[in-house]
Amino acid sequence: MTYQSVKGTKDILPEESPRWQAVENLVREVMELFAYREIRTPIFEETAVFVRSIGEDTDIVGKEMYTFTDKGGTSLTLRPEMTAPVIRAYLQHSLGTGGGVQKLYYMGPMFRQERPQAGRLRQFHQYGAECIGSSSPACDAEIIALAAHVYDRLDIPYVLKINSVGNERCRPRYREALRDFLTRVSERLTGESRRRMHTNPLRVLDSKVPEDIEATAEAPRMLDYLCDECREHFEAVRSHLENLDIPARVEPRLVRGLDYYTKTAFEFASPDLGAQDALGGGGRYDRLVEEFGGDSTPAVGFAAGFERLFIALERRGSRFSGHRLSVYLVGLDEPSRRLCLREALTLRRMGVSADCDFQQRSLKSQMREANKRGAAYTVIIGSEERERGVVTVKDMTTGMQETMELSLFRARFTGEDGGAKPRRD
RNA sequence: GUGAGCGUAGCUCAGCUGGUAGAGCAUCAGAUUGUGGCUCUGAGGGUCGCGGGUUCGAGCCCCGUCGCUCACCCCA
């Protein structure tokens, strides 16, 4: 093997693209149902866009970004997530003018230089949505409902965990209390947690190391420190979820990995996934737009991973199949092959999928090919047919065969919208 | 970045205590003259990840390296 795809990247081969298409289509459909509109931003941004929003002390910015300098000396970064680019675009094009709520969705590749693992690639794919311009807890609930609906439609089981990480008023008080607590138990913490205790104490809470979990079992909870506004918001979100029949589990230790979150934080976990069990997650980020230099604008959003969705789907045994070929044309000599190519194009122009042999293969192998490709009909053309001005049509499911004029065969496909499928009696 | 396991035909794998490679599936071709799916027969296809070392001799042992997988970390 001469070359192979870069570590942590994967080719999506024809065999697997049907499921990608199916899920992409479903996501689009659900997004449109919820009245979100698609936004597509460039795959790379100025590095500052991410550093500024995600936070200097996050792992993403600290060690996982694909950052490079272009020939003009500008530092650029392959997007590790989409919220920052969406907000950048929102401000750049003044999408907020008019004061309305912008409901935007996206899907596409993201890049993070981590050690690859089950459900974690260096180039991975996410879909997500951002609701910008409303501080209403109803938006939080809608975003969660939207994310949940995709899983529901795919019949993927999940556990929804929610928490509130407070805002700029109450979080500092909590951070203080937490740090005090951590200082007291610091000798029981792992080195990494002890370091993080100073830089980003909240993150210590989602450590999965048993010692840390044990040491922080009695740690103060953010929920007990919420200011009135945050508490009311949190209760309202919970009430909305209940009203929408979406069961959620309050998880006081749930913390998001990105610094910009305020108030609501949530995560969808899959019981089928293993160590990387997060299907998706998100939360509210009321300060981010302002942070980017815009007017103070509240927003909520979520992101979910395609690859993890597929793992969950596989565990469920779901299968997707690609499009089937309608007609395979078999030519037995050169003039017939010429006719096949022409007829294939005629059918395609009618909206009927068709293909023919390009390797001068025998009738037998062409028939085999037609069968393998799942063709509904095989059209056989040889010197006999040409002399009589007809073709031999074989229905591959019944095995029945008859000769007819080409125009008659074509007529089977007319009158159907798109004509993608042959008529069946 | 850390740890563990693995790396043999397109795919899934076998290969006994080191003696220069096998199966199944897939592919291709046949099984009387122009016909698929089932069955049968046959064929093609491998620098045993790569580079060193030990040895008379290595796919099997040792070292390094790259990659994959899983876990940690973190997250989608």
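Residue numbers begin at 1 in each chain, while the letters A, B, ... track the order of the sequences. Values reported hereafter were calculated over all heavy atoms of this structure, with side chains retained and with hydrogens, waters and symmetry mates removed.
Taking side-chain N and O atoms only, A/Gln117 has no distance below 4.0 Å to OP1 or OP2 of B/U69. Contact between the side-chain N/O atoms of A/Lys10 and the OP1/OP2 oxygens of B/G67 is not found at any separation under 4.0 Å.
Shown here, B/C11 forms a base pair with B/G24; the pair counts as Watson-Crick or G-U wobble because both key distances fall under 3.5 Å. B/G34 makes up no base pair with any nucleotide shown, lacking Watson-Crick or G-U wobble contacts both under 3.5 Å. Across the strands present, B/C70 finds its partner in B/G3; the criterion is a Watson-Crick or G-U wobble pair with both atom distances under 3.5 angstrom. Pair check for B/C16 finds none; no Watson-Crick or G-U wobble contact set falls under 3.5 Å. Across all strands shown, B/A29 is found opposite B/U41 as a Watson-Crick or G-U wobble partner, with both distances under 3.5 Å. For B/U65, the paired nucleotide is B/G49, the pair qualifying as Watson-Crick or G-U wobble because both relevant distances are below 3.5 Å.
Proximity of residues 17-25 of chain A to RNA chain B (heavy atom under 4.0 angstrom from any strand atom) is not detected for any residue.
Distance check on atom P: B/C6 versus B/G15 gives 13 Å, rounded to whole Å. B/C25 sits 38 Å from B/G52 when the P atoms are compared, rounded to a whole Å. Look at the P atom in both B/G46 and B/A31: the space between them is 27 Å, to the nearest Å. Across the P atoms, B/A14 and B/C38 are found 28 Å apart, a figure rounded to whole Å. Straight-line distance between the C1' atoms of B/G7 and B/C60: roughly 14 Å, to the nearest whole Å. Taking atom P in both B/C56 and B/G18, the straight-line distance is 15 Å, to the nearest Å. For the C1' atom pair drawn from B/U54 and B/C63, the interatomic distance equals 11 Å after rounding to whole Å. As rounded to the nearest Å, B/C13 and B/U32 have P atoms that lie 38 Å from one another.
When the ring-ring contact (aromatic ring centres under 6.0 Å, His included) test is applied to A/Phe181, no partner is found at least two apart in sequence or on another chain. For A/Asp11, the side chain to side chain contact (heavy atoms under 4.5 Å, CB included) partners two or more places apart in sequence, or in a different chain, are A/Ser5, A/Leu13. Evaluation of the side-chain hydrogen bond (donor to acceptor under 3.5 Å, both in side chains) rule for A/Tyr127 yields no partner, not counting sequence neighbours. Qualifying side chain to side chain contact (heavy atoms under 4.5 Å, CB included) partners for A/Ser135, counting only residues two or more places apart in sequence or in other chains: A/Arg284, A/Pro298. Shown here are the side-chain hydrogen bond (donor to acceptor under 3.5 Å, both in side chains) partners of A/Glu29, two or more places apart in sequence or in another chain: A/Arg153. Taking A/Thr398 as the reference, A/Asp395, A/Met400 meet the side chain to side chain contact (heavy atoms under 4.5 Å, CB included) condition, with sequence neighbours excluded. With sequence neighbours excluded, the residues satisfying side chain to side chain contact (heavy atoms under 4.5 Å, CB included) with A/Cys340 are A/Leu329, A/Cys356, A/Ile381. Qualifying ring-ring contact (aromatic ring centres under 6.0 Å, His included) partners for A/Phe234, counting only residues two or more places apart in sequence or in other chains: none.
Summarising the geometry, the separation between CD on A/Gln113 and C1' on B/G1 is reported as 11 Å, rounded to the nearest angstrom. With rounding to whole Å, A/Arg112 atom CZ is found 16 Å from B/C73 atom P. One interatomic measurement links the two molecules: CD of A/Glu15 to C1' of B/C25, which rounds to 13 Å at whole-angstrom precision. Distance CZ (A/Phe111) to C1' (B/C75): 17 Å, rounded to an integer number of Å. As a whole-Å value, the separation of A/Glu64 CD from B/C75 C1' is 7 Å. Protein atom CG of A/Leu279 is 12 Å distant from nucleotide atom P of B/A76, rounded to whole Å. Per the geometry, CZ belonging to A/Arg308 stands 11 Å off P belonging to B/C70, to the nearest Å.
Heavy atoms of A/Ala370 sit nowhere under 4.0 angstrom from any nucleic acid atom. A/Leu121 comes within 4.0 angstrom of a base, heavy atoms only. As judged by a 4.0 angstrom heavy-atom cut-off over every strand, A/Gly331 is placed among residues making no nucleic acid contact.
Judged by the 6.0 Å distance and 45° axis criteria, A/Arg79 is not positioned over the aromatic ring of A/Phe44.
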With 3.5 Å as the limit, what N/O pairs link the protein to nucleotides 2-12 of chain B?
{"from": "B/U2", "atom 1": "O4", "to": "A/Arg115", "atom 2": "NH1", "distance (Å)": "2.6"}

task = Going 5' to 3' through nucleotides 28-38 of chain B, assign each nucleotide B (protein heavy atom under 4.0 Å from a base atom), S (under 4.0 Å only from sugar-phosphate atoms) or - (no protein heavy atom that close).
result = SS----BBBB-
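The aromatic rings of A/Phe310 and A/Phe306 lie tilted to each other, with the angle between the two planes from 30° to 60°. Ring orientation note: the planes of A/Phe111 and A/Tyr66 are nearly perpendicular, at an angle over 60° on the 30°/60° scale.
Both A/Pro116 and A/Gln126 sit near RNA chain B, but only A/Pro116 has its closest nucleotide nearer the 5' end.
Screening residues 319-340 of chain A for ring pair (Phe, Tyr, Trp, His ring centres under 6.0 Å), with sequence neighbours left out, gives no hits.
Aromatic stacking of A/Phe306 on B/A76: not satisfied for centres closer than 5.5 Å together with planes under 30 degrees.
Judged by distance alone, the side chains of A/Tyr105 and A/Glu32 do bring a donor and an acceptor atom under 3.5 Å apart.
A salt bridge is absent between A/Arg120 and A/Glu307; no separation between the charged side-chain nitrogens and carboxylate oxygens falls under 4.0 Å.
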